[in-house]
Amino acid sequence: MSARDEILARVRGATTDVTTPTGSLRREQLTDSGAADADGLTQFAEMVADYRAEVVRVADHEVPAAIATALRDHGCRSVVVPDGLDPAWVTAAEEVARVRREADTPTHADLDATDAVVTAAALGIAVTGTIVLDHRADQGRRALTLVPDTHVCVVRADQVVQDVPHAVARLRPDAGDARPLTWISGPSATSDIELQRVEGVHGPRTLVMVLVDG
């Protein structure tokens, strides 16, 4: 018996008593949109905060002020914004920092010299506290949200779904709309060999989520 056959035999033996279907959940099996209710939004905010991210819950008209406050509180003197970001949010960022447009930061070195990035989001997942970006015009290319040290991300309540299957269904409404995705669960962090937590290794050291209620 080859090593491959031996491994497969062990897997089959270990799963003989598993009766749950292993096939993937089809989109048509989802009977609703999966939108999170009030409890789901609270769960989402708590899970995001549990990952050591900062959570700010505001009404729609308070978003610009929340963005300006986040940038000011974290000492951000320069910020990059995607080309499709809400103009009111860009104006708010300009009040406290030097704003650079996405087109003005063509290289990683340009982004590394920028303190923060402000983006919208594609959706949030309540049970995992995950923010997902699909890099449309209001989120920018992937490097935009991975290199600057601080990420201020705005998530609307109607973008929050309860679980991962509903998130995938909403992210990929049809086969022709596949896009690159970034799944964010708190600030970038890892542990060294002595289990000391180190933040900012694979992405922003600081994540501020602005959750827009209503």
Side-chain angles (χ1 to χ4, degrees), residues 33 35-36 38 40-42 44-45 48-49 53-106 110-126 129-161 167 170-171 173 177 179-184 186-187 203-214:
S33 67
L41 291 176
T42 298
F44 176 58
V48 173
E54 181 180 332
V55 177
V56 182
R57 299 187 68 166
V58 299
D60 185 65
H61 69 277
E62 297 173 315
V63 174
I67 291 173
T69 298
L71 295 174
R72 184 182 299 109
D73 287 351
H74 290 283
C76 300
R77 293 176 294 181
S78 59
V79 57
V80 60
V81 297
D83 295 333
L85 196 67
D86 188 316
W89 302 357
V90 177
T91 299
E94 289 174 334
E95 295 176 358
V96 297
R98 179 170 61 91
V99 170
R100 308 179 73 182
R101 297 285 180 171
E102 181 176 0
D104 298 329
T105 56
D110 294 323
L111 291 173
D112 191 45
T114 305
D115 295 332
V117 57
V118 178
T119 74
L123 56 78
I125 306 173
T130 302
I131 300 168
V132 184
L133 309 180
D134 62 4
H135 301 286
R136 297 182 189 273
D138 58 359
Q139 298 153 57
R141 68 188 191 275
R142 291 197 72 204
L144 210 67
T145 56
L146 295 177
V147 180
D149 204 46
T150 298
H151 183 187
V152 180
C153 185
V154 181
V155 183
R156 301 190 316 270
D158 62 5
Q159 292 180 304
V160 181
V161 296
R170 188 181 291 195
L171 287 164
D177 196 30
R179 303 184 62 86
L181 302 175
T182 301
W183 298 59
I184 303 169
R205 190 189 315 271
T206 301
L207 173 64
V208 181
M209 182 190 71
V210 179
L211 179 59
V212 187
D213 288 309

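Note that this is a predicted model, so its numbers are computed, not measured.
Heavy atoms only, all atoms of each residue included: Asp213 and Ala157 are closest at CA-CB, 4.2 Å. For the residue pair Val155 and Phe44, the shortest heavy atom distance occurs at CG1-CE2, 4.3 Å. Closest non-hydrogen pair, Pro180 versus His135, comes out as O-CD2, 3.5 Å. Annotation for Pro82 and Val118: closest pair CD-O, 3.0 Å, computed over non-hydrogen atoms. Taking all atoms of both residues into account, the shortest heavy-atom contact from Ala120 to Leu133 is O-CD2, 3.6 Å. Summarising the geometry of Ala45 relative to Val55, their closest heavy-atom pair is O-CG2, 3.6 Å, with the distance given to 0.1 Å.
Residues Asp134 and Arg170 have side chains not in contact (no heavy-atom distance under 4.5 Å, counting atoms from C-beta outward). In this structure the side chain of Ser78 reaches within 4.5 angstrom of the side chain of Asp115, judged on heavy atoms. Looking only at side-chain heavy atoms (C-beta outward), Val81 and Arg101 come within less than 4.5 Å of each other. Side-chain atoms of Thr42 and Arg57, non-hydrogen and from C-beta on, do get closer than 4.5 Å to each other.
Distance check: Leu123 CG to Asp158 CG gives 10.5 Å after rounding to the nearest 0.5 Å. Residue Glu94 holds its CD atom at 11.5 Å from CG of Leu71, rounded to the nearest 0.5 Å. Expressed to the nearest 0.5 Å, how far CG of Asp86 lies from CG of Asp60 amounts to 8.5 Å. Rounded to the nearest 0.5 angstrom, Leu207 CG and Glu54 CD are separated by 9.0 Å. Leu41 CG to Arg156 CZ: the interatomic distance, rounded to the nearest 0.5 Å, is 12.5 Å. Here Leu111 contributes atom CG and Asp104 contributes atom CG; the two are 11.0 Å apart, rounded to the nearest 0.5 Å.
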Exercise. Hey, mind stepping through Thr182 and Gln139 against side chain to side chain contact (heavy atoms under 4.5 Å, CB included) and telling me if it holds?
Worked result: CA-CA 11 Å; Thr182 301; Gln139 298 153 57; over 6 Å; no
Problem set entry | Val210/Val152 under side chain to side chain contact (heavy atoms under 4.5 Å, CB included): CA gap, chis, key distance, verdict | CA-CA 7 Å; Val210 179; Val152 180; 4.1 Å; yes
Problem set entry | Chi angles and distances behind the side chain to side chain contact (heavy atoms under 4.5 Å, CB included) call for Met209, Ile184 | CA-CA 11 Å; Met209 182 190 71; Ile184 303 169; over 6 Å; no
For this session: Please lay out, stage by stage, how Val117 and Glu102 fare under the test side chain to side chain contact (heavy atoms under 4.5 Å, CB included).
Result: CA-CA 10 Å; Val117 57; Glu102 181 176 0; over 6 Å; no
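Within 6.0 Å of the CZ atom in Arg77, the count of heavy atoms belonging to other residues, nucleotides or ligands does not exceed 12.
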